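First the structure, in the form of structure tokens, and then the observations on it.
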Amino acid sequence: MNRMDLSGLNEQQRKAVLRTDGPVMILAGAGSGKTKTLVTRISYLLEELHVSPYQVLALTFSNKAAREMRDRIGSMVEADVGALQITTFHAFCARILRSEANYLGLSRNFTIYDTSEQKAVVKAILGRHGISTKEVSPFEVLYYMDDLKNHGHYLGRDISECDYEIDQGDSFFTFYQEYEAELHKANAVDFGSLITGVIQLFEKFPDVLKRYQERFKYLLVDEYQDTNRAQFELVKMLSEQNRNVCVVGDEDQSIYSWRGADIRNILDFEEVFSDAKILKLEQNYRSSKNIIEAATHVIARNSQRKGKDMWTNNPHGEDIDIVECFNDKTEGEFVAQKIRELSKEGHPFKEMAVFYRTNTQSRLIEDNLRKNNIPYRVVGGVKFYERKEIKDLIAYMRIVVNEKDSLALSRIINVPARGIGATTLRKLENEAVTNNCSLWEMLDTVVANPENYKHIRLSAKVKSALSHLVTLINEVRVSVDNVAPSSLYEKLLHESGYWDFLKSSKDYESQARMENLEELQNAIVQYEESNKSPSLLNFLETITLDTSGEGDNPENTGEVSLMTIHGAKGLEFLHVFVTGAEENIFPSYKSLENGETAIEEERRLFYVAMTRAMEKLYITFAQGRMLFGQLRFNGPSRFLHEIPNKYYQWRKPNGSTMSSGNSWDSEDDFDDYNQDQSYDEGEAVYQVASFKEEKSAPKAKFPKGVKIIHSLYGEGTVLDSSGYGAEEKVSIKFSDGARKKFLVKFAPLVLA
DNA sequence: TCGACGATCGTTTTT
DNA sequence: CGATCGTCGA
């Protein structure tokens, strides 16, 4: 038996593999071979230390990461990879909760509620309190509860135990309590409670915890910078006995703090795990020297970091292109045109990616790619499982599996329309409350003994419709263990009348819905084929916890990838376009309101974007951009100024290189920023100083009385106007009362 | 019960 | 600009 070959690793990576005992934190910079190191470490445990796969637990955040890790280990070792626990935090917790459900008074067929279902529950609770969604947004309540759970709180937990300040007199706390009661009644759990539920379980039942502590001798956590406090606590609990915990992360790539990721987990690791060893992977294997150095300069501005010195042996490479476009359309045109050029030079499309800060930005890019016949795919656009018809059918399946899931039942009780409207539903719900039973039980008994429920006064038509539905659900339910999920699905789809309902309406939308429902059928079949013991319950769990497995994106068949920067984490491309590098976009206007911490996160996001590129990085921005239906002049992103001059060329779309600096350096320059720029094309509405108009129509662009928008001062009205063309001058009164005079030629003005 | 129409309001989203 | 949502009216 030859010893494992570690010669492919650098010294730091090797240390990270060999330091198997005791707590380790590996700070792995972008492109530093993090996954390779983790994978080798696990293989080493199995092959050299003969650790049983059963004793290794690796926690990730995405199913994608888990799959990749499993596959790579599988190709390295002979041990049974199937026994390795490589899963997401949530799937891991769901598994524990199902097998230990009785401890917490759950039954193991509990449903997992996603955000939209959470919202529905909150809405109902607010309604019960007579609070309109205008007074209190359900999302506020959701956010509040999420925050509590992210910090490890569960109802009944000793508050002092919890890393959070809680005001139990707060009305939101009351909503929280009612929400939890509601979920418990529905035998349901939300994403946050999957984690806190396990914490609760471990805290209340030390022997259960002990069982898991003894089982998992080696614990690994990937993307550690994204863990929240609750997950941190879980890691602490699980590793308390063996203390063989290895976390891998990069504080510079922490971009999910808005979802509860807590950078303290990294910054305080050594305090909590006193004998922790810290290893840094600082050599980058991905990007050119130029890109790495530029990115390093940008991220160095952050204060919230441990600090790494990234370096690379890769060649210097080309300068970054910072491309100044006239407007958002021109930006799209530039990207498409450049991609064509690259393609002509022989670069495959799949080596290229376009990033943007917000999903809405993809639209224009897509338009331009389509016009140029460039194949592309949008990663993570509209979610398949969030479509109405899919949610409807999932609700059917849910009520089959978990009869207490009243939310699911109320969703489909009148879908397709059976004449059971809000009033009837209300009656049934009230009756269920007085009888202290679930909505389903109520339905079931009403249908079985209608004579006992004359007081609800249901019409014959309604009764028959209800009876039909109850029969269907019951029929499916009895066969749930003996019949393939796909057949159950088919029965529900057709006998509920859903399919015929869609079929009868001939419009385009229904057509698309039917196709989606067929796709869902395919997904179930696929699930059955790839699973040893498929069940409807397990399928439902899979799709709520793993939304990526949509089956609809066959791997890179030679398309350009389009995605948000969040979606780009962990990926790499030869050629990267970072678009919309403007103030208010990137950094987002929201982050600008939220102070330095928020800006630092945006900067990390920018850093992530830059470090995806291997060979060539284009960063584009538009002088003017349509935003919320208005043309805005945002100015280039502050992050562009944080890249030292020597790493980039500042260009215009036609390819000419501008002076190394630029005219946007300070806000004071805004009034004349486009002094020496001319554009051969562009719609009149975008023309700030229109020389064409000067020749053809010698009249004022902003005559007295018109409403305008100034990129800096906002909306205003023209009080006075003189001259035209290059000579046009205006005096403007802004909505805040301020009056200012401008030379139109130099002012960022547009008609409102 | 359902549709049509206006008011509103706009990040990011591994689970 | 556009999607989403709530309120009306038939």
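In what follows, every heavy atom counts, from backbone to side chain, and hydrogens, waters and symmetry copies are set aside. Numbered from 1 within each chain, the chains take letters A, B, ... in sequence-line order. Quantities reported herein were computed from a predicted structural model and do not represent experimental measurements.
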Record whether the side chain of A:R259 comes under 3.5 Å of the base of B:dT15 through a donor-acceptor pair of N or O atoms. yes
Quick one: sort the A:F628 and A:Y589 rings into parallel, tilted or perpendicular, breaks at 30° and 60°. perpendicular
With centres under 5.5 Å and planes under 30°, do A:F628 and B:dC9 count as stacked? no
A:K569 with A:D226: basic N within carboxylate O range, under 4.0 Å: yes
OP1 or OP2 of B:dT11 versus the side-chain N and O atoms of A:N594: is any pair under 4.0 Å? no
Return the nearest nucleotide to the side chain of A:R363; candidates are B:dT14, B:dC2, C:dG2. C:dG2
Residue pairs, two or more places apart or on separate chains, that pass side-chain hydrogen bond (donor to acceptor under 3.5 Å, both in side chains) and touch residues 412-428 of chain A: A:Y396-A:R418
Output the pairing pattern of DNA chain B as a dot-bracket string, 5' first, Watson-Crick or G-U wobble with both distances under 3.5 Å, | for cross-strand pairs, [ ] for crossing pairs. ||||||||||.....
Given A:F586, which partner from the list A:F606, A:Y607, A:Y356, A:F621 fulfils the ring pair (Phe, Tyr, Trp, His ring centres under 6.0 Å) test? A:F606
Under-4.0 Å side-chain N/O to phosphate OP1/OP2 contact, A:K119 with C:dC5: yes
For A:T424 and A:K569, find the nucleotide of DNA chain B closest to each by heavy atoms; which residue's nucleotide sits nearer the 5' end? A:T424
Nearest heavy atom decides the nucleotide; on that basis, is A:T544 or A:I420 closer to the 5' end of DNA chain B? A:I420
Answer yes or no: is there an ion pair linking A:R363 with A:D367, defined by an N-O contact shorter than 4.0 Å? no
Students often get this wrong, so: under 4.0 angstrom with heavy atoms, is A:E602 touching a base, only sugar-phosphate, or nothing? base
A:L627 atom CG is separated from C:dC1 atom C1', nearest whole Å, by 10 Å
Can you check whether A:Y212 and A:F202 have ring centres sitting under 6.0 Å from each other? yes
Considering every strand and a 4.0 Å limit on heavy-atom distances, what is the contact class for A:A417: base, sugar-phosphate, or nothing? sugar-phosphate
